[in-house]
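Report on the following structure.
In this chain, residues are counted from 1 in sequence order.
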Amino acid sequence: MSRRPGTPRLLRQLNDRAALELLLSSGPLTRAELGELTGLSKVTAGQLLARLEERRLVSMVGEQAGGRGPNAALYGVVPSCAYVAGLDVLPDQICAGVADITGETVAEVAVDPSGHDDPVRLVRGAVQKACESAGITLDRLRAFVIGTRGVVDPRTGDVRFSFDLPSWHEGVLAQLRRDLNVPVTIENDVNLAALAERFCGAALEVEDFVLVWAGVGQGLGVMLGGRLHRGFTGGAGEIGWLPVPGEPLPTEVTEPQSGSFQRLVGGDALASLADAHGIQGHSLADHVHRAVMDDAGGFLDELAGRLAVGVAAVAVVLDPGLIVLSGDIGRAGGQVLAARVEEAVARVCPSQPRVVVSEVEGNSVLRGALVSALSKAREQVFSETV
């Protein structure tokens, strides 16, 4: 096994990376604080900061009052040294966001895709609008992650198929990369929602958990050992196809509404359930929200029981310890629904996982796309200091 030699250049690169990561997570910091946290001498820490300042990655952002001597300079990462973009692509809306290297979202826009079938044109238009709103040009982007419904092939990074977005097909990724001239990644939307949950939501820094997306469609984001589990073909988490007691098995797997679990908790099933309990609403999420507000125990218990079928099946296979409910239905039900699902799962599952509701603010898919893009951009930027 070959190893990279510990050359001065490599050591400087490792030290620079450690310093930048500390400034992002714990900054701003003085030279002395940075030296203490990295184990570097004051002289080496000073040289490091000078090198990063020269490359416009770090700048002085203030002063820290000391004792009798002069105030110490505080250093922080320059937010504008790199930007990333994220997209959440739905059939009726495209949401695009831009964040700086610190993770601060500097622009967020929505675009109506109606009348346009070309994915490349739609994506380019949305990201250009977001960049204009952020006051930057497209060439300032270091990474770009797109969240979309459907199955993404983990070997090629392309969309294998999407029921809701038929124009997204193999070859779109290469076209996007050529047209935008930016490193582009396509990721399943529920996987991105799970990523957002781990970095800024209910599963903050949790290594093993599962996100259950409950909405018009059903999905599952699986985080094992701190890494997303996508499966051999990218189809891990397609929980709508889960066979369940009392529901017929699908006879045509190209029909998205024919999965057994989808038949149990999908749009048509929940609309019928709400109607049977006399609950009115303009959407499925509205039905559930009204049920919570009206304390419609019968409806909520039956909904929780149906969701628990899928949650329990996942729990006995993966034993994640934590289940996060997300999607329109999961968010609308809130912790009231989550508590009922936890109780229902405990009755049929020996591992008895904790069930909570999503805590990511705003669009969790878009947030996950930005988190993913930031990770890629920082890898680039932090490796270019020497």
Side-chain angles (χ1 to χ4, degrees), residues 3-86 97-107 131 134-137 139-145 182-183 195-196 198-201 204-207 226-227 361 367 370-386:
R3 297 179 181 272
R4 296 176 67 186
T7 62
R9 178 185 176 88
L10 175 59
L11 293 175
R12 285 197 300 271
Q13 189 179 66
L14 293 173
N15 289 337
D16 289 354
R17 185 188 187 102
L20 287 165
E21 289 175 346
L22 279 168
L23 288 170
L24 282 172
S25 63
S26 307
L29 299 170
T30 66
R31 182 183 63 174
E33 289 172 337
L34 191 60
E36 183 179 348
L37 290 170
T38 58
L40 301 174
S41 68
K42 287 185 179 181
V43 172
T44 303
Q47 293 171 341
L48 179 153
L49 285 169
R51 186 164 59 247
L52 296 180
E53 276 192 288
E54 183 180 354
R55 291 186 172 267
R56 298 180 181 178
L57 297 177
V58 166
S59 67
M60 181 177 157
V61 296
E63 294 182 335
Q64 184 181 82
R68 296 179 180 179
N71 294 342
L74 283 167
Y75 294 89
V77 174
V78 176
S80 60
C81 69
Y83 292 92
V84 301
V98 171
D100 63 35
I101 195 68
T102 69
E104 181 74 20
T105 300
V106 294
C131 285
I136 65 169
T137 54
D139 59 8
R140 299 290 302 281
L141 298 179
R142 284 298 193 105
F144 185 11
V145 174
V182 176
L195 194 62
R198 182 169 188 262
F199 281 88
C200 55
L204 186 64
E205 298 183 354
V206 176
E207 293 285 302
R227 300 181 63 181
E361 295 183 5
R367 182 58 184 162
L370 290 172
V371 167
S372 178
L374 277 168
S375 175
K376 300 175 191 302
R378 289 171 180 172
E379 184 68 32
Q380 292 179 43
V381 173
F382 295 176
S383 299
E384 297 172 355
T385 61
V386 178

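Shown here for Ala377 and Ala143, the closest heavy-atom pair between the two residues is N-CB, 4.1 Å. The shortest non-hydrogen separation linking Gly97 to Leu370 is O-CD2, 3.6 Å. Taking every heavy atom of both residues into account, Gly103 and Arg367 meet most closely at O-NH1, 3.6 Å. Contact between Ala82 and Val381 at its shortest, heavy atoms only, is CB-CG2, 3.8 Å. Closest heavy-atom contact between Pro28 and Glu33: O-OE1, 4.3 Å.
Under a 3.5 Å cut-off, the side chain of Glu104 and the backbone N or O of Pro79 do not form any donor-acceptor pair. With hydrogens and angles ignored, the 3.5 Å screen pairs a side-chain donor or acceptor of Arg378 with a backbone N or O of Ile101. A donor-acceptor contact shorter than 3.5 Å is absent between the side chain of Thr44 and the backbone of Leu40.
The pair Glu379-Arg17 meets the salt-bridge criterion, since a charged nitrogen lies less than 4.0 angstrom from a carboxylate oxygen.
Contact annotation: the side chain of Ile136 approaches that of Val98 to within less than 4.5 Å [non-hydrogen atoms, C-beta and beyond]. Annotation: side chain of Val78 is not in contact with side chain of Leu57 (no heavy-atom distance under 4.5 Å). Taking 4.5 Å as the limit, every side-chain heavy atom of Asn71 sits out of range of all side-chain heavy atoms of Gln64. No side-chain heavy atom of Asp100 sits less than 4.5 Å from a side-chain heavy atom of Val84.
Taken from CG in Leu49 to OG1 in Thr30, the straight-line distance is 9.0 Å, to the nearest 0.5 Å. Taking OH of Tyr83 as the start and CG of Leu141 as the end, the distance is 10.0 Å to the nearest 0.5 Å. In this structure, the separation between CG on Leu52 and CG on Leu20 is 5.0 Å, given to the nearest 0.5 Å. Going from atom CZ of Phe382 over to atom CG of Asp16 covers 10.5 Å, rounded to the nearest 0.5 Å. Taking OG from Ser26 and CD from Glu21, the interatomic distance works out to 11.0 Å, rounded to the nearest 0.5 Å. With values rounded to the nearest 0.5 angstrom, Arg51 atom CZ is found 10.0 Å from Gln13 atom CD.
Evaluation of the salt bridge (charged side-chain N to carboxylate O under 4.0 Å, His left out) rule for Arg140 yields no partner, not counting sequence neighbours. Under the salt bridge (charged side-chain N to carboxylate O under 4.0 Å, His left out) criterion, Glu63 pairs with no residue, sequence neighbours left out. Arg198 meets the salt bridge (charged side-chain N to carboxylate O under 4.0 Å, His left out) test with Glu207; sequence neighbours excluded.
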I'd like to know whether Lys376 forms a side chain to side chain contact (heavy atoms under 4.5 Å, CB included) with Val145, so could you lay out the CA-CA distance, the side-chain angles of the two residues, the decisive distance to 0.1 Å, and finally the verdict. CA-CA 9 Å; Lys376 300 175 191 302; Val145 174; 3.9 Å; yes
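Counted by atom type alone, Ser375 and Ser372 present zero donor-acceptor pairs between their side chains at under 3.5 Å.
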